[in-house]
Student: 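My questions all concern the structure below.
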Amino acid sequence: MMKSRKPNSLHIRLYGDKTLREVAKPVTEFTEEINNFIDNLVFTMYQKDGVGLAAPQVGRSLRIFVVDPLWFNDEGNKNPLVLVNPEFIEFHGEIEKDEGCLSLPNIFEPVKRAQMVIIEGLNEKGKKVRYEAEGLFARALQHEFDHLDGIMFIDKVTKLKRVFLKKKLHDLQGTTDENGRNIGEITL
Ligand code: NI
C-alpha cells in the first residue's frame with residue numbers, strides 16, 4: 001500500500017521535562033493517529049541520529065518506543081523496530097558501557113545493563129513480536145524501556161558521577177517552561 005503522508009519531525013524533550021518522568025500509559029488501540037505518530041517517531045529518531053527514541057521523549061506519555069541499533073554500521077540501511085506495550089521476559093548477564101540520550105545532549109556515562117534480554121510487545125500493526133537481543137541492541141531496548149517508566153540513564157550512574165554532572169543537568173533543566181515542557185533552545 002502506498003503511503004501518501006510525509007512524516008513530521010517531533011521536538012525532543014530534554015532533561016527537566018515533566019513527561020520524561022511520568023510512567024507512560026499502555027496503548028489500547030492502533031488508530032490512524034497512533035500510526036502517524038509512530039511514523040513521526042521513527043523519522044525523528046533517524047533525523048536526530050538516535051539509536052532509539054521513546055514516546056515520552058517527544059512529549060507523549062505512551063508505552064511506545066522505536067530502536068535501530070544497527071543502522072550506524074550497516075551502511076546506513078534502516079531497519080526500525082517498533083515496540084508497543086513491551087515487557088521483558090528474560091535478562092542475562094551484566095555489562096557496563098557508555099550511554100547517551102537525545103534528552104541528555106552531550107552527556108555520556110557508563111551504565112550497567114543486562115548483556116542479553118528477551119522482550120515481547122506489539123509492533124506498529126498490533127502484532128505480537130518477540131526479540132532476543134545482545135550487545136547494543138539489548139542495551140538500547142533497556143534504555144528505551146526505562147523511558148516508559150520515567151527513568152533516565154543518568155539515574156543509574158554513580159552518585160559521584162552525578163555530582164560532576166550537576167552543572168550540566170542544572171543548565172539543561174533551565175530551559176523548562178512553566179508547564180513543565182522542555183524543548184531547549186530551538187536552533188535551526
Ligand atoms: Ni534516552
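These values consider heavy atoms only, across backbone and side chains, with no hydrogens, waters or symmetry-generated copies. Just follow the structure's listing: the first ligand is 1, and inside any ligand the first atom is 1.
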Student: Report the protein N/O/S neighbours of the Ni ion (ligand 1) that fall below 2.8 Å; do not count waters.
Tutor: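 C101 SG, H143 NE2, H147 NE2, with waters left out.
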Student: With a 4.0 Å cut-off on N to O distance, would you call E99 and R139 a salt bridge?
Tutor: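 Here E99 pairs with R139 in a salt bridge, since their nearest N and O are under 4.0 Å apart.
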Student: Name all pairs fulfilling the ring pair (Phe, Tyr, Trp, His ring centres under 6.0 Å) condition that reach into residues 76-107, sequence neighbours left out, sorted by first residue then second.
Tutor: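 Residue pairs passing ring pair (Phe, Tyr, Trp, His ring centres under 6.0 Å), neighbours aside: F88-F91, F88-F145.
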Student: Is the backbone of F108 close enough, under 3.5 Å, to the side chain of D98 for a donor and an acceptor to pair up by distance?
Tutor: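 Looks like no, no N/O pair under 3.5 Å.
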Student: Hey, is CG on N179 packed in by over 12 heavy atoms from elsewhere, all under 6.0 Å?
Tutor: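 Enclosed: over 12 neighbouring heavy atoms sit under 6.0 Å from CG of N179.
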Student: Which residue pairs satisfy the salt bridge (charged side-chain N to carboxylate O under 4.0 Å, His left out) criterion with at least one member in residues 24-37, sequence neighbours excluded?
Tutor: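 Qualifying pairs: E33-R60.
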Student: For residues 119-129, which residue pairs pass the side chain to side chain donor-acceptor pair (under 3.5 Å) check, not counting sequence neighbours?
Tutor: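 Counting only pairs at least two positions apart or across chains, the side chain to side chain donor-acceptor pair (under 3.5 Å) contacts touching residues 119-129 are E120-R130.
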